[in-house]
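Here's the structure, in structure tokens; my notes come after.
Side-chain atoms are counted along with the backbone in the values below, which use heavy atoms only and exclude waters and symmetry mates. Chain letters run A, B, ... following the sequence lines, proteins first and then strands; every chain starts at 1.
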There are 2 protein chains.
Amino acid sequence: MSASLPYDEVMVATAREPLTRDRVIEAAVVFADEHGVDDLSMRKLGAELGVEAMSLYNHVENKDAMLDGMIDFVFSTIPIPDGDLDWRDHLRRLGRGTMTNFGSHPWVVHVCMTRGLLGPGALRFMDHVLGVLADAGFDDESAHHAWQMLASHTMGYAFQASAGVTEKDHAEFEMMIPRLAREVPNVARLAPFLIGCSWEDEYMFGLEIILDGLKARLK
Amino acid sequence: MSASLPYDEVMVATAREPLTRDRVIEAAVVFADEHGVDDLSMRKLGAELGVEAMSLYNHVENKDAMLDGMIDFVFSTIPIPDGDLDWRDHLRRLGRGTMTNFGSHPWVVHVCMTRGLLGPGALRFMDHVLGVLADAGFDDESAHHAWQMLASHTMGYAFQASAGVTEKDHAEFEMMIPRLAREVPNVARLAPFLIGCSWEDEYMFGLEIILDGLKARLK
DNA sequence: ACCTGAACACCGTTCAAGT
DNA sequence: ACCTGAACACCGTTCAAGT
């Protein structure tokens, strides 16, 4: 975009590009994607942006506000299905999109769990889902029930999917199995499923049960 | 129990009662119940026990291990229904018990979300649920599906219930409603339900849908 | 075997000072 | 208007030293 500028002009331009709230939050998202949210500190993020930590406070109120901004950033990028879909199909696609989106930002569920879901991005997303439910014929109370179920299901599975069971955890768990077999035989017997399961498949299986139950209570 | 000892002997006994892993963890549970888990630090917990922070490391490996112990403590106190119950009834009681138990320790879901669920207490609880499902006729794969759904539902609602929406939050949310009405009308319309809902009722409503769905897929 | 004091390497955040 | 440096009040944890 600035390819026609002389080389040193480009350098200066990128280096001095003034910080903005959006740039800070995007950089924080990238940092959390790469290093995990536990490693995200104001000092380190400042270093990443070539600035002292304290400069960030000119653009975000504090770290919590920055985390809220990161959540909103992710929510606002969840793809909204278009076209005239049956409400159940709409919610299936929305659910799958949410899961894959959260999958690219493994920290987001965890941060939501500690920060809540009241930012503008999350509210807009919620509003969209409630709109789909209202169009499907749910009254306000039922739509609320449905939202809570769908939200809980989605956050729950996204959380487990992003809990990041590493190879090391697998090995550790498998080493435990002999002892587990004596003390918690049912857990030991199901170990293959616990270790090998596809969270997206699990999620869609459960979503179907929920959609069935909601439909049965609709008419 | 030491009521027959002379008064000052009792004082000395309680003051000098040697620290143990169990005493440390119980004190941490009490501290988190009273002050919230965010305020729980090794230094403050030490002070509570009349000891320097560093002494605690003689009884717990580190803070994370202590948190794991706290989770296990809570899980091991969830009441297990007795008697020969229908599997759905059994799971209903288990679910309700879990919700109220988690309600007395509002920090526990949050800590589980960051520490996972692989301690002995949690494993024993999981084993019990899997046993109920196996007795009901679920094969291993279906039992795994069912467990994931029940766990996700329970953790999700317990989390929301314990997210602790304060009076201040309510007031703040109500003040936002006029602006919300323009930007997220569906959310604004459902505000009364969002503010006033009973998490236990919501939970049981959703549990019924899940149990229905699981039953339909059982035969 | 258990407890302590001092220290290390971090945090988020404030604030006066610079430009 | 934005950035910096030094400081404050905390963390979890290590380690040598005490008893």
Contact list (N/O, under 3.5 angstrom) for nucleotides 12-18 of chain D vs protein:
unit_1	atom_1	unit_2	atom_2	d
dG12(D)	OP1	Lys63(B)	NZ	2.9
dG12(D)	OP2	Met42(B)	N	3.2
dG12(D)	N7	Arg43(B)	NH1	2.5
dG12(D)	O6	Arg43(B)	NH2	3.0
dT13(D)	OP2	Tyr57(B)	OH	2.9
dT13(D)	OP2	Lys63(B)	N	2.9

On the 0 to 90° scale, with breaks at 30° and 60°, tag the His90(B)-His128(B) ring pair as parallel, tilted or perpendicular.
-> tilted
Can Glu48(B) and Arg43(B) be counted as an ion pair, charged N to O under 4.0 angstrom?
-> no
So, are Glu61(B) and Arg21(B) salt-bridged, with charged N and O less than 4.0 Å apart?
-> yes
Close approaches to DNA chain D from residues 106-121 of chain A, in residue order (heavy atom, under 4.0 Å) = none
Do His110(B) and Phe159(B) make the cut of ring centroids closer than 6.0 angstrom?
-> no
Can the ring centroids of Phe102(B) and Phe75(B) be said to lie less than 6.0 angstrom from one another?
-> yes
Rounded interatomic separation in angstrom, taking CG from Leu49(B) and C1' from dC2(C) | 14 Å
Roughly how many Å is it from CD in Glu52(B) to P in dT4(C), rounded to a whole number?
-> 5 Å
Gap separating the CZ atom of Arg93(A) from the CG atom of Asp82(A), nearest 0.5 angstrom | 8.5 Å
Once you round to the nearest 0.5 Å, how far does SG of Cys197(B) lie from OH of Tyr157(B)?
-> 8.5 Å
Would you indicate which nucleotide in dC2(D), dG5(D), dT4(C) comes nearest to any side-chain atom of Asn58(A)?
-> dC2(D)
Map every base of DNA chain C to its dot-bracket character, where paired means a Watson-Crick or G-U wobble contact with both distances under 3.5 Å and | marks a partner outside the strand.
-> ||.|||||...|||||.||
